Colleague: 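Quick one: structure below, then a few questions.
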Amino acid sequence: MSPKNRLHLRENFAFLLDGCRKYEPTVFVLFALFTVCSALLPFLSVLLPKVLVAGLEQKWALNRILLSAGMLGAAGMALGGGQAWAQAMFSVRVISVRLKMCSVYNAKVMRMRFDRIEDPEELKRIALSRQAFWGNDYGVEGVMHKIFDNVGVLISLLGLAAMLTALHPAVALIVAAGAAVSFQLNRRAAKLEEQKQPESADVRRQLDYMSNLSQDFSFGKDERLYGMRGWILGRFDGLIRKADGLEKNLKKAHLPRVLADGLFVLLREGVVYAVLIAMTVSGKLALSDFAMYFAAVASFSTLLNCLLSEIARLPVELKKVDLIRQFVTEKDVQKNILPLPKQRPLGLEFKDVSFAYHDGKKVIEHMNLSIRPGEKVAVVGLNGAGKSTLVKLLTALYRPIEGKILAGGTDLARLDREEVFKLFTTLYQDVHVFAMTVAENVAMQPKERIDRRRVQRCLEMAGLWEKIQSLPGGMDAMLLKNIDLNGVELSGGQTQRLALARAIYRDAPVLVLDEPTAALDPLAEYDLYQRFAELSEGRTSIFISHRLSSTRFCDRILLLEDGRIVESGTHDELMRQNGKYAALFRVQAQYYQEEGVQDEAV
């Protein structure tokens with residue numbers, strides 16, 4: 001093993017032990033009890049046949065034989081009971097450790113920079129590391145079970161090996177050779193399984209998605225209207241067959257190893273038994289000792305096979321632990337953090353900003369843009385122009401690869417990544433409703449920190465209070481049916497109003513609206529625009545839309561094309577320029593104006 005791998009081994013064990021110390025320290029007491037019991041039990045099973053045969057050889061009284069056997073049996077029951085109890089209690093506590101470490105892992109995922117969770121390599125890394133939390137035999141819990149179960153086994157094996165070695169040097173050589181061969185065969189099997197992990201993780205990720213797709217209520221309408229049930233179940237069945245195929249191929253690849261291992265074990269034990277028989281026949285070994293050593297060989301063989309199999313698999317599970325350890329302990333320290341700007345409204349500036357996705361192709365190039373404090377700016381353009389990317393850059397979800405983005409004269413990159421989001425209130429087209437109460441969906445905070453009067457005012461301003469009052473429980477009514485089967489499902493327009501109430505409650509200095517009314521009818525859209533106009537008072541506002549007629553209330557309109565600002569001005573100024581904006585506006589206007597009404601009246 002290389003020094004680097006040895007270091008990782010120590011670090012991974014230390015990581016797991018630290019998790020046990022933090023979350024369930026009693027596992028160490030249970031480990032000690034289990035180890036003592038499991039180390040002693042095999043010696044009782046070895047000693048019992050010797051006592052029985054010796055009693056018969058020496059013609060002990062029946063009550064003495066029964067008493068001796070009973071005492072050994074009682075000791076075995078006590079040790080077995082202690083072992084079983086410790087194992088049961090350990091299993092419960094180690095599940096708790098796994099779930100709490102999973103919670104820490106999930107928290108780290110939620111703190112990741114947004115651009116990282118869109119990176120294919122990062123997604124693959126997350127999928128692989130999640131294997132550490134799959135269940136009792138994997139990753140975190142799998143490694144702890146292997147350590148817990150096998151330290152006592154190792155102690156027993158050392159004791160049994162010493163017994164057999166003292167008996168005859170040839171037995172020691174045979175035992176050592178057998179252990180080496182079995183370990184190598186098991187190690188090859190584990191390496192083969194490790195090589196298949198990325199493909200298995202990818203199939204598992206797809207299976208999880210297809211399974212969730214069939215159970216997610218939000219897809220219910222599309223699944224039924226488009227007759228997607230057969231297609232979804234077909235995809236799911238295909239992935240199951242693929243997973244089964246991977247498992248079968250793995251088993252087939254293991255078969256030669258299993259046969260070779262079985263053959264070598266048979267030869268090893270046959271030679272050892274032959275030595276024992278020869279020594280007994282020649283008078284060098286008493287019959288009672290033969291019974292003891294015979295039992296010792298059987299116990300040794302069983303324990304050794306079990307231990308070698310577990311040790312061979314240990315690196316596979318440790319690698320999963322290594323992935324999560326590196327992930328949760330990964331340092332992403334910001335230096336020279338500056339305080340959030342306090343001024344309201346807040347000015348914004350792009351200085352020579354460029355951005356590219358993971359394929360390296362730039363979607364924003366050398367953009368320079370200054371937005372005055374309190375200014376209402378609309379960003380328009382065709383699909384793919386870079387509007388949503390611009391929003392994610394502005395709200396610090398993405399980092400520019402070149403240039404700077406300033407808020408109140410301060411570089412966003414110099415602000416704390418958790419705190420910087422407090423500068424922005426965002427409304428998106430795809431509003432996410434959480435399976436929580438109405439009040440929690442508006443305040444986006446735990447119940448004990450919610451200002452209920454403020455929630456009511458926000459719902460009133462958003463035009464949703466009357467609807468919420470009609471619900472059983474009012475603002476305490478649960479939304480969605482994922483947790484509460486009686487949860488309320490809001491309509492599309494009501495969901496947008498809920499998002500508006502959420503934005504009002506947040507009260508951030510910068511308001512960003514990214515296609516928030518794209519799914520609404522014109523009347524509902526008009527009503528929300530009036531409320532947006534009121535909401536934007538005293539704030540710097542950026543409004544993203546492909547619907548040009550909705551931007552008339554803005555102070556300035558920017559037309560984006562291929563990641564560049566190609567036109568800028570008020571609606572009237574851009575119409576007089578008779579450029580690309582004017583052409584787009586006229587094309588869209590025909591869908592809204594009644595017959596005989598001119599473009600200027602739209």
Side-chain angles (χ1 to χ4, degrees), residues 26-94 136 145-168 171-172 175 178-179 265-266 268-270 272-277 279-281 284-310:
T26 54
V27 299
F28 297 109
V29 177
L30 296 169
F31 170 71
L33 175 61
F34 182 88
T35 298
V36 170
C37 293
S38 59
L40 293 176
L41 266 173
F43 292 100
L44 291 178
S45 65
V46 167
L47 189 59
L48 181 60
K50 175 181 173 64
V51 170
L52 292 175
V53 174
L56 294 173
E57 280 184 320
Q58 299 172 25
K59 299 181 179 179
W60 291 354
L62 180 61
N63 60 348
R64 183 182 175 186
I65 293 175
L66 293 176
L67 179 62
S68 299
M71 290 175 64
L72 288 173
M77 288 179 64
L79 289 173
Q83 182 188 45
W85 180 82
Q87 190 170 42
M89 293 299 100
F90 178 83
S91 295
V92 172
R93 283 162 175 77
V94 82
N136 307 120
H145 275 300
K146 284 172 173 52
I147 297 170
F148 182 86
D149 293 344
N150 291 297
V151 171
V153 171
L154 179 61
I155 294 171
S156 296
L157 280 170
L158 292 174
L160 293 170
M163 284 178 58
L164 296 174
T165 302
L167 174 65
H168 197 290
V171 174
V175 166
V265 167
L266 184 63
R268 180 186 70 198
E269 294 185 11
V272 171
Y273 288 141
V275 171
L276 290 177
I277 292 169
M279 292 180 70
T280 304
V281 170
K284 295 179 181 179
L285 200 64
L287 195 59
S288 59
D289 289 332
F290 173 83
M292 180 182 70
Y293 284 115
F294 191 92
V297 171
S299 291
F300 183 86
S301 179
T302 301
L303 292 174
L304 181 64
N305 288 340
C306 177
L307 180 67
L308 292 177
S309 176
E310 294 290 279

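Please read all numbers here as calculations on a predicted model, not as lab measurements.
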Colleague: Mind checking what makes salt bridge (Lys or Arg N to Asp or Glu O under 4.0 Å) contact with Asp149, not counting sequence neighbours?
Modeller: none

Colleague: Which residue is it: Phe90, Phe28, Trp85, Phe148? I am looking for the one with a ring pair (Phe, Tyr, Trp, His ring centres under 6.0 Å) to Phe34.
Modeller: Phe148

Colleague: Can any side-chain N or O of Ser45 pair as donor or acceptor with the backbone N or O of Pro42 at less than 3.5 Å?
Modeller: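 The answer is yes, because a donor-acceptor pair under 3.5 Å joins these two groups.
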
Colleague: Per the salt bridge (charged side-chain N to carboxylate O under 4.0 Å, His left out) rule, what does the pair list look like for residues 288-302, sequence neighbours excluded?
Modeller: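 Every salt bridge (charged side-chain N to carboxylate O under 4.0 Å, His left out) pair that includes a residue of residues 288-302, provided the two are not neighbours, is Lys50-Asp289.
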
Colleague: Return each pair, listed once, that meets salt bridge (charged side-chain N to carboxylate O under 4.0 Å, His left out) where at least one residue sits in residues 74-93; pairs must be two or more places apart or across chains.
Modeller: none

Colleague: Looking only at heavy atoms, which two atoms of Leu72 and Leu44 are closest? And how far apart?
Modeller: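 Looking at all heavy atoms of both residues, the closest pair is CD2-CD2, 3.8 Å.
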
Colleague: Would you name the heavy atoms of Ala296 and Leu160 that are closest together and state the gap between them?
Modeller: CB-CD2, 4.1 Å

Colleague: Set out, in order, the CA-CA distance, both residues' side-chain angles and the distance that settles side chain to side chain contact (heavy atoms under 4.5 Å, CB included) for Leu56 and Ile65, then state yes or no.
Modeller: CA-CA 8 Å; Leu56 294 173; Ile65 293 175; 4.3 Å; yes

Colleague: One pair to check against side chain to side chain contact (heavy atoms under 4.5 Å, CB included): Met89 and Thr26. What are the steps and the verdict?
Modeller: CA-CA 9 Å; Met89 293 299 100; Thr26 54; over 6 Å; no

Colleague: Quick one: list whatever passes ring-ring contact (aromatic ring centres under 6.0 Å, His included) with Phe31, sequence neighbours left out.
Modeller: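 For Phe31, no residue satisfies ring-ring contact (aromatic ring centres under 6.0 Å, His included) once neighbours in sequence are set aside.
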
Colleague: How long is the gap from CG on Leu52 to CD on Glu57, to the nearest 0.5 Å?
Modeller: 11.5 Å

Colleague: Can you measure from CG (Asn150) to SG (Cys306) and round to the nearest 0.5 angstrom?
Modeller: 5.5 Å

Colleague: What pairs with Tyr293 under ring-ring contact (aromatic ring centres under 6.0 Å, His included), at least two apart in sequence or on another chain?
Modeller: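 With neighbours one apart ignored, the set is empty.
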
Colleague: Got a sec, which pairs hit side-chain hydrogen bond (donor to acceptor under 3.5 Å, both in side chains) with one end in residues 59-82, sequence neighbours left out?
Modeller: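 Sorted pair list: Gln58-Trp60.
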
Colleague: Give the minimum heavy-atom separation between Ala86 and Leu30, together with the two atoms involved.
Modeller: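 Result for this residue pair: CB-O, 3.8 Å.
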
Colleague: Mind checking the CG-CG spacing from Leu167 to Leu276? Nearest 0.5 Å is all I need.
Modeller: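 So the CG of Leu167 and the CG of Leu276 are separated by 6.0 Å.
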
Colleague: For the CZ atom of Phe43 and the CG atom of Leu47, what is their distance to the nearest 0.5 Å?
Modeller: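 So the CZ of Phe43 and the CG of Leu47 are separated by 10.5 Å.
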
Colleague: Restricting to non-hydrogen atoms, name the atom on Gly82 and the atom on Leu33 that form the minimum distance, rounded to 0.1 Å.
Modeller: O-CD2, 4.1 Å

Colleague: Hey, what do you get for CG (Leu154) to CD1 (Ile147), rounding to the nearest 0.5 Å?
Modeller: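 Those atoms lie 12.5 Å apart.
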
Colleague: Looking at Ser156 and Leu303, what are the two nearest heavy atoms and their distance?
Modeller: CB-CD1, 4.0 Å

Colleague: With rounding to the nearest 0.5 Å, note down the distance linking CG in Leu67 to CE in Met71.
Modeller: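 Rounded to the nearest 0.5 Å, the CG-CE separation comes out at 6.0 Å.
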
